[in-house]
Structure formats: structure tokens, C-alpha cells
Engineer: 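Attaching a single structure in C-alpha cells format; questions to follow.
Throughout, a chain's letter reflects where its sequence line sits, starting with A, and its residues are numbered from 1. Just so we're clear, the structure is a prediction, and the values are computed from it rather than from any experiment.
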Amino acid sequence: MTVPLQEGEGQPATVLSCLDYGSDQGITVIQKRRDFLAASRAKRQARPSMVVQARKRKADEPSVSPVRVGYTCSKKVGNAVARNRAKRRLREAARLILPHHAKPGWDYVLIGRKDGTAEREFTALLDDLRGALAKLHK
RNA sequence: GCGGAUGGCUGGAUGAUCGCGCCGGGAAAUCGGUGAGGAAAGUCCGGACUCCUUGAAGCGACGGCGCCGGAUAACGUCCGGCCAGGGCAACCUGAGGGAAAGCGCCACAGAAAUCAGACCUCCCGGCGACGGGGAAGGGUGAAACGGUGGAGUAAGAGACCACCGCCGGGCUGGCAACAGACCGGGCACGGCAAGCCCCGCCGGGAGCAAGGCCAAAUAGGGAUCGCGCGCCUUUCGGGGCAUGGCUGCUUCACCACAGCGAUCCGGGUUGGCUGCGUGAGGCGUUGCGCAAGCAACGUCCCAGACGAAUGGUCAUCCAUGGGAUUCGAUGGAAUCCCGGGACAAAAUCCGGCUUACAGGCCAUCCGCACAG
RNA sequence: GCUGCCGUGGCUCAGGGGUAGAGCACCCCCUUGGUAAGGGGGAGGUCGAGAGUUCGAAUCUCUCCGGCAGCA
């Protein structure tokens, strides 16, 4: 494990469990088209390796977990191999970063970009995600 | 050694660490097992499997296939052979039935494009106009009433002769496609069927978003139109005739009897389970076969997702590209640094085809050069 | 995943074996004091790509490439 992480990252998530939501269901995956469309109308941040969309859910919206995340890689990213690879890297980045930088009650959608998502240095990709989240939360 | 032909295999390896889908155990924490391809691709063919059509036969329409024999569940696939074309050769390529059943087309050029004939020209007579003989030569074209040579003639012509080609006939070899020699005919029969067509063979339609089950919700539907609620007989069992049901028609069988069919309007759902992996299955051995393949025996169980699982990072090694230094200086070898890993990811499942593919490996064969 | 359809000048489309066309747009000229309209002339095409059939292919056949639509 030589990925340079910031303090506390990579360890079992504590931030969300402290918020008393239950650590095993802290983050779930968005699978409904409706939720993707809602996120696409909210705020977004573009980085060389990805585009991040974030939306604070309304209070009456039902959800099984405080944080939800979805991944989108359209045909613009490339063929099936390129799309799968981009999606996997985004998932890995989200696994490392989101437990420490996400805010409860929010939905996030990570969108893959052609070449950028697959070829960018993984550490730079992590920085892209951290930077985008910080900007979106302001 | 150089150049080439064919067939087949492989498609980075190991480890560390953090993770993912599915299956099994467990109350849980979690533990164990397992997890992409030769093309998983394109969706171009063929099937299995489902649903729709009451079943069978015949005819028709439409579509596909097409040398011969074999393989196969089947095929437009594969194997072996034949023929034609290409190559010095190994070998490669070919949708390769029928053009004397009929129709159609063959632009331009050319005298003439399939059925008659003659533009320049050749020969004879003649000053010439012209008359007659002939189709060798020129020219046009993708293609011009066999080709080459001889003999012959005024010039010429299968009118004659030899060889080749073509057509017909039987014979021999072969299961056959076809091949071979022989005899006969002086030659008539241009091409296109991936134009219509003829002949032979095959094919009902839709597709896993097929289809089945469960749950929830609303409705328990409405309107219009068409054909109908049979007839005869009876010993009350039935029989006959109509009518409707064969997604073209006809015939036969069977079924149906009071509803059936068509169109439009309105309402609900975007959930779960199943189909879903023991199969025309893989591997090995033996036998049969030139081969594709088939048979017997043994052995193994090998992805099952549904916003869709195999990854992220790092190290070493391996193949490979570039640069530097040293040794050797003909090829090359060693060390260090940097770069860097083909095409492409199951989506109901099989058999093929087609297309994409860095590099590496193996086998067989051919030509040339050298040596022997 | 399955099933269909379409690729021809810059745009919209014809042409279905024999030298690639039409309308709009573009360029030049005439007309006008000038512009539009009108008239005359002109340029612009690997017919999506590659094989095959044919003497000859935009057209017929096959294989790829790209785009669009439908099906729970």
C-alpha cells in the first residue's frame, strides 16, 4: 500500500459511524434512472479525470443510507473494455475518498471522461475527486 | 543461410496489500471455494428452447441454396475429390447446375452483335460506270459464323489434308463429378442466369425484452360494427346438411355449438422470482476412417451478473524499444538509465462464418545459394 | 440482448447496368443610383469503405464502417 493518502484515509470509516448511521450501510449505489437525472440538474464540477455531480437530498426523500454514489460511463468514453476500466477506477477512488469527505444526506454521481479517467495517475485522480468535493460543499 | 507456403498453439509470470460478484458454512464478526474470450465482437447463417397457428396432404406464392461424394442435430459450414484460373514450386483462388424451353439486354465504335450479310480491300472482265467470284488481309470492339500449318487457286474458302479445339456415339476406369483412348461428323452452337426464368433441394411465423409464476395498484371495463343464435330426420342414443375454426387456396380428418371476430376509447405497471446452465459438455486412452468425424471406456463439474462482478497500487522477473559506457571490433556480449505490454470483456445456450489482433513458439513442405 | 431502416455536390433528395442530375446555397456577369427579385454563365462528387460478378457497377452480390429507429 503505497498510495499517498491523507490522514485517516484507507482506514475503516469512522466519520459516518460517528454520526450514528451504521457503518455497514454508510454508502449505497444509485441504480435508478430518476436519481441520476435529479443529480444531473444539480451542481457539478469538472476535473481532467472526471466530472462530479452532487445534490443534497430533500428531507422527505426516503433513503436506506446517508450517502449515495452513482457512476456513469457513456459510449463517449470508448468501447466496453474502456468503459468498465473507467468505472472501476472511479469506484476505487470513491471507496477510498468518500467515507471521509462525503456529507450525509447527499447524492454523488461520478462521470467518466474519454482517456482522462483511464490514463490519469491514480494519485492525481484522487486529488481530482477531493478537490471537486471540497468545491461542491462550499 | 536467404526467401516463401501451409497447419496449429500461446495471448505475460510470481508475490505483497486494499477491494468486487456468486455459492456454501455461521446468530454475528467473518471463514472457505470460485470467477471472461479465441474471438466473449459483428449479428451473417444454422439449430436447441419457448409462445402463436386444430392436424395432415397437395397446389400456389415468397425466400434461400446449387460441380461430385462424404461428415453433421442442422447449415450458406467442414473434409476428400473433380474441373477452371494463377504460381518455377510448395500451394492458393473459384455462388462452379441449365444459354439447341422461352423472354430480355449487349451502350459507344463498327459494314455487321446472332442473322442476314460485306466498309476498306483481294481477284476476273472492262478505259470507266458497273457485272461477277471470294472472305484470306486491314480497321472497330470486351466479344466478329473454329485455330495453326500445308496443299490448292485468277483470288480464295473445311471445298481438301495433318495436328489441336468442338459436337455425336458407344467402350474402359471411377459410387459419382469426371478422365482416357477409339470411331464418326467437316463445324452447325457468341456472352450475360450475383437479368427474368427452367430444373433439383430446403424452409410456417416470431423471438429469452420469447415465455411462466407471484405481489402491488386501478378496473372487474365501455362504445361501435360485422356474422350468428340454425334446417331436415329420429327407435331420442344419434345421423345428414349448413355455419365457424387450417395468419394464401383446395381436399380429408377433427373440434365447436352460443357466442365469435374486428376497430376505437379508458385505467394500471417500469417490482420480485423463474426461464438460467449436466451440455449436440470438457479432458485422456483405444478402435475405425486418407480426413472432417464417429464409437467405446475412464475421468471432471468448469462464470451466472441485471446502472451489470476479475480491479487499484507497488516490487521483482520475462519478451521487447531507445540511449550511454566497457570488452570485442565481422556478427555480438555485459552493466546502468528511461519507456512499455495486441485485439477485446460473457448477458438464454450451442455449431459455424466473418472481422480485429503487439509479440512469441512448434511442426510439415517448396525454391535458391553453399557444403557434401 | 434482439429486430429493422438509411448512407449520392455545403443542405434536401432523384437516378435500380452504358459519360452522375434537380432544387436551394456559392462565385462571376447583366439589370438598378444601390439592394432584393429576375435573366445568363460557371465551379463544386474516391456515389460510406473494400472485395466479387460483368466488356463495363452509384446501380447486382458479399463483407466491413458509420448513423437512426423499434421491442420489456
Engineer: Using the P atom as the reference point in each nucleotide, state the distance between C:C11 and C:A36 in Å, no decimals.
Structural biologist: 25 Å

Engineer: For A:Q45, which residues count as a side-chain contact (heavy atoms from CB on, under 4.5 Å) partner, sequence neighbours excluded?
Structural biologist: A:R47, A:A132, A:K135, A:L136

Engineer: Taking a pair as Watson-Crick or G-U wobble with both distances under 3.5 Å, which nucleotide is matched to B:G58?
Structural biologist: B:C249

Engineer: B:A177 pairs with which nucleotide, Watson-Crick or G-U wobble, both distances below 3.5 Å?
Structural biologist: none

Engineer: Taking atom C1' in both C:G66 and B:A144, compute the distance separating them and give it to the nearest angstrom.
Structural biologist: 48 Å

Engineer: Can you tell me whether the base of B:A188 sits syn or anti, using the 90° cut around 0 to define syn?
Structural biologist: syn

Engineer: Any strand is fair game: report the nucleotide pairing with B:A258 by Watson-Crick or G-U wobble, both distances under 3.5 Å, or none.
Structural biologist: none

Engineer: Output the distance between atom CD1 (A:I97) and atom OH (A:Y108), rounded to the nearest 0.5 Å.
Structural biologist: 12.5 Å

Engineer: To the nearest Å, give me how far apart CZ (A:R83) and C1' (B:U310) are.
Structural biologist: 18 Å

Engineer: Quick test: give all pairs of protein nitrogen or oxygen and nucleotides 344-348 of chain B nitrogen or oxygen below 3.5 Å, distance rounded to 0.1 Å.
Structural biologist:
from: B:A345; atom 1: N7; to: A:N84; atom 2: ND2; distance (Å): 2.9
from: B:A345; atom 1: N6; to: A:R88; atom 2: NH1; distance (Å): 2.8
from: B:A345; atom 1: N6; to: A:R88; atom 2: NH2; distance (Å): 2.8

Engineer: Calculate the interatomic distance between A:L125 atom CG and B:G311 atom P; express it in whole Å.
Structural biologist: 17 Å

Engineer: Is there a Watson-Crick or G-U wobble partner for B:G277 with both distances under 3.5 Å, and if so, which one is it?
Structural biologist: none

Engineer: Mind checking the P distance from C:G34 to C:G16? Whole angstroms is fine.
Structural biologist: 48 Å

Engineer: Round to the nearest Å and state the distance from A:L98 atom CG to B:G312 atom C1'.
Structural biologist: 15 Å

Engineer: Test your reading of the model: is there a side-chain donor-acceptor pair from A:R83 to the backbone of A:G78, 3.5 Å cut-off?
Structural biologist: yes

Engineer: Using the glycosidic torsion, which applies to B:G284: syn (within 90° of 0) or anti (everything else)?
Structural biologist: anti

Engineer: Report yes if a side-chain nitrogen or oxygen of A:R91 is closer than 4.0 Å to either non-bridging phosphate oxygen (OP1 or OP2) of B:A308; otherwise report no.
Structural biologist: yes

Engineer: Taking the P atom of each, how far is B:U316 from B:G3, in whole Å?
Structural biologist: 38 Å

Engineer: With A:R120, which residues qualify under side-chain contact (heavy atoms from CB on, under 4.5 Å), at least two apart?
Structural biologist: A:P48, A:S49, A:A124, A:D128

Engineer: Would you call C:G56 syn or anti, using the 90° rule around 0?
Structural biologist: anti

Engineer: Checking one value: the base orientation of B:G238, syn if chi is within 90 degrees of 0, otherwise anti.
Structural biologist: anti

Engineer: For the pair made of CG in A:D128 and C1' in B:G312, what is the distance, rounded to whole Å?
Structural biologist: 16 Å

Engineer: In whole Å, what is the span from the CG atom of A:L96 to the P atom of B:G19?
Structural biologist: 9 Å

Engineer: How would you list, by chain and number, every residue that makes a salt bridge (Lys or Arg N to Asp or Glu O under 4.0 Å) with A:R44, sequence neighbours excluded?
Structural biologist: none

Engineer: Tell me the partner of B:C20, counting only Watson-Crick (N1-N3 plus N6-O4 or O6-N4) or G-U wobble (N1-O2 and O6-N3) with both under 3.5 Å; none if nothing fits.
Structural biologist: B:G35

Engineer: Taking a hydrophobic cluster as the set of Ile, Leu, Val, Met, Phe, Trp and Tyr residues connected by side-chain heavy atoms closer than 4.5 Å, whether directly or through intermediates, do A:V67 and A:I111 fall within one such cluster?
Structural biologist: no

Engineer: Are any of the side-chain nitrogens in A:R89 or A:E92 under 4.0 Å away from the carboxylate oxygens of its partner?
Structural biologist: no

Engineer: Please report, rounded to the nearest Å, how far the P atom of B:G312 is from the CD1 atom of A:I97.
Structural biologist: 17 Å

Engineer: With nearest nucleotide decided by heavy atoms, which residue, A:E92 or A:K87, maps closer to the 5′ end of RNA chain B?
Structural biologist: A:K87

Engineer: Reckon A:R89 has a side-chain N or O less than 4.0 Å from the OP1 or OP2 of B:U313?
Structural biologist: yes

Engineer: Return the stems involving RNA chain C, sorted by first number, where pairs are Watson-Crick (N1-N3 with N6-O4 or O6-N4) or G-U wobble (N1-O2 and O6-N3), both under 3.5 Å, and runs are 3 or more long.
Structural biologist: C:1-7 with C:65-71, C:10-13 with C:21-24, C:26-30 with C:38-42, C:48-52 with C:60-64

Engineer: Applying the Watson-Crick and G-U wobble criteria at under 3.5 Å, what pairs with B:C145? Answer none if nothing qualifies.
Structural biologist: none

Engineer: Shared ILVMFWY cluster between A:Y71 and A:M50, side chains joined below 4.5 angstrom?
Structural biologist: yes

Engineer: Who passes salt bridge (Lys or Arg N to Asp or Glu O under 4.0 Å) against A:R85, sequence neighbours left out?
Structural biologist: none

Engineer: Hey, which sits more toward the 5' end of RNA chain B by its nearest nucleotide, A:F36 or A:R120?
Structural biologist: A:F36

Engineer: Would B:A36 be called syn or anti here, given the cut-off of 90° from 0?
Structural biologist: syn

Engineer: With rounding to whole Å, what would you report as the distance between B:G372 and B:G174 at their C1' atoms?
Structural biologist: 46 Å

Engineer: Taking atom P of B:A308 as reference, at what distance in whole Å does atom CG of A:L90 sit?
Structural biologist: 12 Å

Engineer: Got a donor-acceptor contact below 3.5 angstrom from the A:R57 side chain to the A:W106 backbone?
Structural biologist: yes

Engineer: Within a strict 4.5 Å, meaning less than it, do heavy atoms of the A:L129 and A:L110 side chains meet?
Structural biologist: yes

